[in-house]
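Encoded as structure tokens, the structure appears first; notes follow it.
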Amino acid sequence: MLKHLFALLLLCLPCTVLSAAEQPAGPEAGDTTEEVRTRLTPLMERYMLDELKALRTEMAQFRVNVKEEVVQKELSVADKAMNYANITVTYFFYLLAGAASVLAIVGWQSLRELKKSARDYVETQMKQITDTYERKLRQIERELQRKTKVIAENYREIERFQEVHGLWLRASQEQSPQAKMEIYDQILHIKPGDLDALTHKADAALMMDERQWALSLCNRVMQVDPQNAHALYQRACAHAGMGHEEQALSDLELAVVKNVHLRHVAAEDEEFEPLRQHPRFVELTSDVAENT
């Protein structure tokens with residue numbers, strides 16, 4: 001670049017010299033300019049020719065360098081492409097080799113064997129699922145049967161309760177001891193060993209002057225519930241009617257302790273007429289004893 005600038009300065013120099021020489025300076029000055037022009041013209045031409053030659057040489061070398069760089073770039077790109085293709089093909093063959101190794105390990109099963117294995121696996125899984133749901137369904141069925149049985153038992157129990165309740169209502173409305181006795185027997189048939197039915201049956205037996213029967217019924221109740229106040233009271237009535245004073249007073253005392261209300265019932269009950277004047281009976285049925 002500096003060489004080109006220097007060449008331009010040299011080209012401009014003769015023009016400057018010529019311009020200065022063309023100014024009027026007298027006869028001697030004119031002669032000097034012609035001489036200088038004659039001496040400088042061949043030199044300038046030679047210099048310009050050398051510069052043009054140098055420029056052409058540099059341009060040719062520049063073209064060569066550019067072509068070399070382009071060729072190197074193309075070779076680099078081609079080398080990278082070949083390397084990439086080589087790696088891709090190598091990995092592809094590695095993949096094929098791995099797949100072949102897997103097939104060799106598996107045993108080179110045929111498509112038919114694979115299909116059979118898949119069918120067997122599916123059938124096994126379906127059988128397991130079916131068995132699981134069958135077990136769950138059987139369990140649900142057993143649970144439903146159990147609940148149905150419980151519901152049926154509850155329904156029968158409700159029916160028995162309603163039937164027994166109706167019989168108790170009938171017994172409360174009956175005036176005849178024999179009719180009451182039949183109703184209590186029906187209740188005992190539905191609910192064997194019902195203590196309330198036995199004690200009320202003993203009461204009906206007392207009304208029928210069947211004191212021994214009443215005593216037997218009260219003893220059955222006492223075997224199950226020794227603290228039953230109603231049974232103690234009925235047995236006291238039976239003993240009083242049979243002349244067993246001490247036993248009657250002992251049962252009455254226990255009954256009054258269990259149920260204070262029986263004190264007033266005994267004071268008005270005709271079954272205790274034989275004990276009416278007995279001091280202990282008077283003490284058990286008096287209000288003073290209650291307050292005590």
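As the structure is a computational prediction, the values presented were derived from the model and not from experiment.
- Contact check on R138 versus E141 returns no salt bridge, with no Lys/Arg side-chain nitrogen under 4.0 Å from an Asp/Glu carboxylate oxygen.
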Taking distance alone, no hydrogens or angles, what donor-acceptor pairs closer than 3.5 Å link side-chain atoms of residues 119-128 to residues at least two apart or in another chain?
{"unit_1": "D120", "atom_1": "OD2", "unit_2": "K116", "atom_2": "NZ", "d": "3.1"}
{"unit_1": "T124", "atom_1": "OG1", "unit_2": "D120", "atom_2": "O", "d": "2.8"}
{"unit_1": "K127", "atom_1": "NZ", "unit_2": "D131", "atom_2": "OD2", "d": "3.2"}

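- Taking CZ from R63 and CD from E58, the interatomic distance works out to 13.0 Å, rounded to the nearest 0.5 Å.
- Salt-bridge check for D203 with K180: failed, with every basic side-chain N at 4.0 Å or more from each acidic carboxylate O.
- Going from atom NZ of K149 over to atom CD of E153 covers 5.5 Å, rounded to the nearest 0.5 Å.
- When all heavy atoms are compared, the tightest approach of L167 to I183 is O-CG2, 3.2 Å.
- Note: the hydrophobic cluster containing L232 does not contain L249 (ILVMFWY, side chain heavy atoms under 4.5 Å, direct or indirect links).
- Between the side chain of H200 and the main chain of D196, a donor-acceptor pair closer than 3.5 Å is present.
- Between the CG atom of L144 and the CG atom of L137 there is a distance of 10.5 Å, given to the nearest 0.5 Å.
- The heavy-atom pair separating A236 from L252 by the smallest distance is CB-N, 3.7 Å.
- With hydrogens and angles left out, the side-chain atoms of H264 and E268 include no donor and acceptor closer than 3.5 Å.
- Distance check, rounded to the nearest 0.5 Å: NE2 of H239 to NE2 of H244 gives 7.0 Å.
- L169 and I190 fall into different hydrophobic clusters, defined by Ile, Leu, Val, Met, Phe, Trp and Tyr side-chain heavy atoms under 4.5 Å apart, directly or through other members.
- In this structure, CD on E270 lies 8.5 Å from CZ on R276, to the nearest 0.5 angstrom.
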Listed pairs under 3.5 Å, donor-acceptor, residues 213-226 side chains, sequence neighbours left out:
{"unit_1": "N219", "atom_1": "OD1", "unit_2": "R235", "atom_2": "NH1", "d": "3.1"}
{"unit_1": "N219", "atom_1": "ND2", "unit_2": "L215", "atom_2": "O", "d": "3.2"}
{"unit_1": "D225", "atom_1": "OD1", "unit_2": "Q227", "atom_2": "N", "d": "3.4"}

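- Cluster annotation: I187 and M207 are assigned to distinct hydrophobic clusters (Ile/Leu/Val/Met/Phe/Trp/Tyr, side-chain heavy-atom contacts under 4.5 Å, transitive).
- Rounding to the nearest 0.5 Å gives a distance of 9.0 Å between CD of Q145 and CZ of R142.
- The backbone N or O of L284 sits less than 3.5 Å from a side-chain atom of R263, completing a donor-acceptor pair.
- Considering every non-hydrogen atom in both A238 and R211, the closest pair reads CB-O, 3.7 Å.
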Item to complete: Show your working on side chain to side chain contact (heavy atoms under 4.5 Å, CB included) between R170 and Q186 and close with a plain yes or no.
Response: CA-CA 11 Å; R170 284 177 53 194; Q186 294 179 16; 3.9 Å; yes
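- Listed here is the closest heavy atom pair of Y184 and A204: CE1-CB, 4.3 Å.
- D269 and Y233 share a side-chain donor-acceptor pair at under 3.5 Å.
- Smallest separation of non-hydrogen atoms from M181 and A205: CE-N, 3.6 Å.
- Residues E246 and R280 are paired through a salt bridge, judged by an N-O separation under 4.0 Å between the basic side chain and the carboxylate.
- The two atoms that bring L262 and A255 nearest to each other are CD1-O, 3.7 Å, heavy atoms only.
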